[in-house]
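Single-structure report; data block below.
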Amino acid sequence: MSKRDYYEILEVSRTANDQEIKSSYRKLALKYHPDRNQGDKTAEDRFKEAAEAYAILSDGDKRARYDRFGHAGVGGAQGFDPSQFTGFEDIFSGLGDIFGFGGGGRRSGPQRGADLRYDLEIKFEQSAKGVETSIQIPRHEACDTCKGNGAAPGTSPSTCPQCRGSGQLRYQQGFFTVARTCGQCRGAGKVITKPCQTCRGAGTIEQMRKLTVKIPAGIATGQRLRLAGEGEAGTLGGSPGDLYVVIFVREHEFFQRDGNDLHCTVPLAFTTLALGGEIKVPGIDAAQTVKIPESTQTGTTFRLRGKGMPDVSGRGHGDLLVTVQALTPKKLNKEQKKLLEQLAATLPEQTITPSVRDEDEDRGIFGKVKDIFG
Ligand SMILES: [Zn+2]
Ligand SMILES: [Zn+2]
């Protein structure tokens, strides 16, 4: 029997893209799957044929060789075994467990421990300077009594009689071998006849663990630190999970953070703004001096470069932005009042008439009424 053309088998054109090839193969594989065509030899052949064609056409290099040299270019695929084909699970992913792929078998063996999350609230100052703090987390750790194997001291887990230690049971299904997790040992491959008293055979116990966390300067709300291996213990010799510490920085009464920049507002006597001078504002490391020039208007912002938050990855600092705000004295004594009046007399009239009316408005409601009634 001469080999059929791969494109013909997959019912696609020679210019079909990867997606077209994939979806066509998926359709055919479902149609001819041995589970749906029990005992039908033709369907089984079709199924194998499609799998072989897909293995070649889904691989860029092989497809190019096939396009140039035909079956000879890809070694004729003698003895091709579709159940060995690695792209298989990918094709069937999303179809659930209908063929028994990707189910059971995979769950056996060592399991990595779960990742844990810890929400940590810190003060603004701590985020600015960095801090080393300790936290307490409850987590599952390998049991000390049995060293994690779950068997009572002096005994050890024995090989599971059901699966003979493999943790899996294999079934022949058509020409497929399907592996399922062994029910007796739940995939562990070992059974415990005398469980450890401390952990009741689980191999892990919940413990309160105190950990030291180093928080880098510049950290912001929502950022997280990963402590590798500080999550839950793995089972059956699996590696432990990770611990994620999620940071919440309390708001500061004076500074507002924006990226690595810090903003603050400083109320000043209007005389200071008018005459100029030097003021001191709090900073992260030390108080900062800001030079106020003569005749500074209220709302003016001064930028102090590099005096903001440190960058969390160590790349310098943000800026400190100081906005000044004029304060009007709440109470004046007689003398102050007199002085201000004298001053006021010397100042030019400074009335601002804002132009809130534009030409169109001027026509006003009457103009519009006129339009309607002529
Ligand atoms: Zn077993
Ligand atoms: Zn134990």
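Order of listing sets the numbers, starting from 1, for every ligand and every atom in it. Note that the structure is a prediction, hence the values are computed from the model and not measured. Along the sequence shown, residues carry numbers from 1.
Ordered by chain and number, Cys143 SG, Cys146 SG, Cys196 SG, Cys199 SG make up the set of protein N, O or S atoms under 2.8 Å of the Zn ion (ligand 2). By the criterion of a separation under 2.8 Å, the protein N/O/S atoms near the Zn ion (ligand 1) amount to Cys160 SG, Cys163 SG, Cys182 SG, Cys185 SG.
For Tyr32 (side chain) and Lys27 (main-chain N/O), no donor-acceptor pair under 3.5 Å exists by modelled atom type.
Ion pairing of Lys62 with Asp67 is absent here, as no side-chain N (NZ or NE/NH1/NH2) approaches a carboxylate O to less than 4.0 Å. A salt bridge links Arg112 with Asp242; the closest basic N to acidic carboxylate O contact falls under 4.0 Å. A salt bridge between Arg139 and Glu141 is present, with a side-chain N of the basic residue lying under 4.0 Å from a carboxylate O of the acidic one. A salt bridge between Asp261 and Arg257 is absent, with no side-chain N of the basic residue lying under 4.0 Å from a carboxylate O of the acidic one.
A cation-pi geometry, defined here as NZ or CZ lying under 6.0 Å from the six-membered ring centre and within 45° of its normal, does not hold between Arg250 and Phe124.
Put simply, the residue from Thr133, Leu120, Leu116 that forms a side chain to side chain contact (heavy atoms under 4.5 Å, CB included) with Val245 is Leu120.
For Tyr118 and Tyr244, the ring centers sit 6.0 Å or farther from each other.
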Step-by-step side chain to side chain contact (heavy atoms under 4.5 Å, CB included) determination, Val324 to Thr298: CA-CA 6 Å; Val324 294; Thr298 185; 5.9 Å; no
